[in-house]
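Data first, discussion second: the structure below is written as structure tokens.
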Number of protein chains: 2
Amino acid sequence: MSYPSRNGLTANVSTEVLCGRILERHRDAIRVQKTHIAVANLARIIDATLKLSNRQGFQATTLRDLAKTTGLSMGGLYSYFSGKPMLLSMILREVASTVADVLSKPPQEVTIDAAAHLRWLIESHIRLTETLQPWFVFAYMEAKAFPPAERRIAIDSEALTEAIIARVLEQGAAAGIFALSDVGLTAALIKPLLQDWYVKRAKYRRRGISIDTYIAAVISFVTAAISAKEPTPAVPVDLA
Amino acid sequence: MSYPSRNGLTANVSTEVLCGRILERHRDAIRVQKTHIAVANLARIIDATLKLSNRQGFQATTLRDLAKTTGLSMGGLYSYFSGKPMLLSMILREVASTVADVLSKPPQEVTIDAAAHLRWLIESHIRLTETLQPWFVFAYMEAKAFPPAERRIAIDSEALTEAIIARVLEQGAAAGIFALSDVGLTAALIKPLLQDWYVKRAKYRRRGISIDTYIAAVISFVTAAISAKEPTPAVPVDLA
DNA sequence: ATAAAAGGAGCGAACGCTCGCTATATGCGG
DNA sequence: CCGCATATAGCGAGCGTTCGCTCCTTTTAT
């Protein structure tokens, strides 16, 4: 029943793997040469950054906090990034690229049926953001203060996710499986249901709701909302 | 036949009114005596705080920024609050108390029918957060960095809203109008649909989606998701 | 022995906040 | 209606602190 991700997701998405990609992407800016040392310390730095920032905000997280938490010195830290803005950029770019990578590669057997594809998207997104929760919370909460270039990345990443959802909705609508008045708007409404799991995870933990329960609830909620079994009820509100 | 809020909401909820209540609540801590001066300057201070904080974060908003934006001096600001934490607290308490006040007072004609009551809750919440968008964004985005007392308020406020939704869902389920497996979880899923309007308002503005369109979309999405399929028509207009 | 990596004192800038001062409004006897 | 005394509101230089960041030194690994 559990569609995705058991295959490749959990294996390919971990702090170590992501930090490895970050190192590649910023080889020229990172002064530490030995890969195993660089990756290990990058992981400690980014772990600490996410942990501290998600508690008190990135802006309020000082390099001295970071030094204390990682065990590195002030000078040591600067062998791994050129300053706080670069640290922010490293994390954000990696999140955006990972989500694009995962969601754009559905297993073939799922793509024939729009309903199955949609279920796969929902479960994959929630499981991915579960694994990388601190990364996604960071990107979500700090986005408003990003410098322009990073802001663009965050906006494009969100738009891409919604476009992927919208395309599947459109296929389903064309096949007569889904009944939708506005594909883009419906995709926009599905997105916050996916995000709530990582944004308000403390709330769901407090209530004892497991990830499997949550995934099932979102799938059933969304499916019921858009399936074409009977013609969709008219909108009750008349405006103006 | 737009249900709520046109009546009392827009009139009773404005920066001036809220700042008046803030002044009452903190009479002893605010050194400025004349009410009209205090309210006017409080409004300027809070407007500036929300505007700057929602762009760059509360922590990154300095008192010098605030002084420049309001036209007051550093010293002048301190006649209105004892420090940044109190400024935070003033805004948050007012948001929490306002949302509790509005949602707990549905018009009588709406409370007889759970479906109508739910539609009223959805529309009222979205319209309230539209009017006070900067306030709600502030409370939402800064909550994680709140001191313990303010954190409690934020958590309780969110829990209260969901409890109000859940109670209406329960009534509808008891009446056979709604089909739900888990009332609390369903309420928890409805909440982010209400919040998305103010959290990601830039996105909806970019797409040209009006508040009326959004309200209609959420109502239709939620209604379709939870309606009991067989007996009751999806949208009962007004029956006992 | 030599290069890579980590250390940490110190720099100028900016922070939250204070305090002694000035400017403005208000009340009142002449 | 005036001129003056008093209270209220506002001002902004300056305090101690902490920030991001640099740079020279020490430690570690090869």
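Each chain gets a letter, A, B and so on, in the order its sequence line appears, and its residues count up from 1.
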Once you round it to whole Å, what is the distance between [atom2] of [N] and [atom1] of [X]?
X	N	atom1	atom2	answer
B:Ile37	C:dT26	CD1	C1'	11 Å
A:Met86	D:dG20	CE	C1'	16 Å
A:Ile45	C:dA5	CD1	C1'	12 Å
B:Leu66	C:dC17	CG	C1'	14 Å
A:Lys34	D:dT28	NZ	P	13 Å
A:Arg31	D:dC21	CZ	P	13 Å
A:Leu63	C:dG8	CG	C1'	14 Å
B:Leu72	C:dC17	CG	P	16 Å

State whether [X] and [Y] are salt-bridged, where the test is any N-O pair (Lys NZ or Arg NE/NH1/NH2 against Asp/Glu carboxylate O) under 4.0 Å.
X	Y	value
A:Lys200	B:Glu162	no
B:Glu123	B:Arg127	yes
B:Lys105	B:Asp101	yes

Side chain of A:Gln33 (C-beta onward), nearest among C:dG16, C:dA4, D:dC21: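 The answer is C:dA4, which lies nearest to the side chain.
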Selected nucleotide, minimal atom distance to A:Lys84 side chain, candidates D:dC21, D:dA9, C:dG16: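 So the nucleotide nearest the side chain must be D:dC21.
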Under 4.0 angstrom between A:Asn41 side-chain N/O and C:dA5 OP1 or OP2: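 Looking at the OP1 and OP2 atoms of C:dA5, neither is under 4.0 Å from any side-chain N or O of A:Asn41.
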Below 4.0 Å: OP1/OP2 of C:dG7 and any side-chain N or O of A:Ser73: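 So the side-chain polar atoms of A:Ser73 do come within 4.0 Å of the phosphate oxygens OP1 or OP2 of C:dG7, strictly under.
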Looking for any heavy atom pair under 4.0 Å, which part of the strands does [X] touch: base, sugar-phosphate only, or nothing?
X	result
B:Asp65	nothing
B:Tyr80	sugar-phosphate
B:Thr62	sugar-phosphate

Toward the 5' end of DNA chain D, by each residue's nearest nucleotide, B:Met74 or A:Thr61: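 Closest to the 5' end, via its nearest nucleotide, is B:Met74.
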Comparing B:Phe58 and B:His36 on DNA chain C - which has the more 5′ nearest nucleotide: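 In this pair, the answer is B:Phe58.
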Backbone of B:Leu50 reached by a side-chain donor or acceptor of B:Asn54 within 3.5 Å: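 Judged by distance alone, yes, a pair lies under 3.5 Å.
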Parallel, tilted or perpendicular: ring planes of B:Phe146 versus B:Phe138, cut at 30 and 60 degrees: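 Because their plane-to-plane angle lies in the 30° to 60° range, the rings of B:Phe146 and B:Phe138 count as tilted.
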base_contact_polar (D:dG14 base, B:Arg64 side chain, donor-acceptor, <3.5 Å):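 Indeed there is one.
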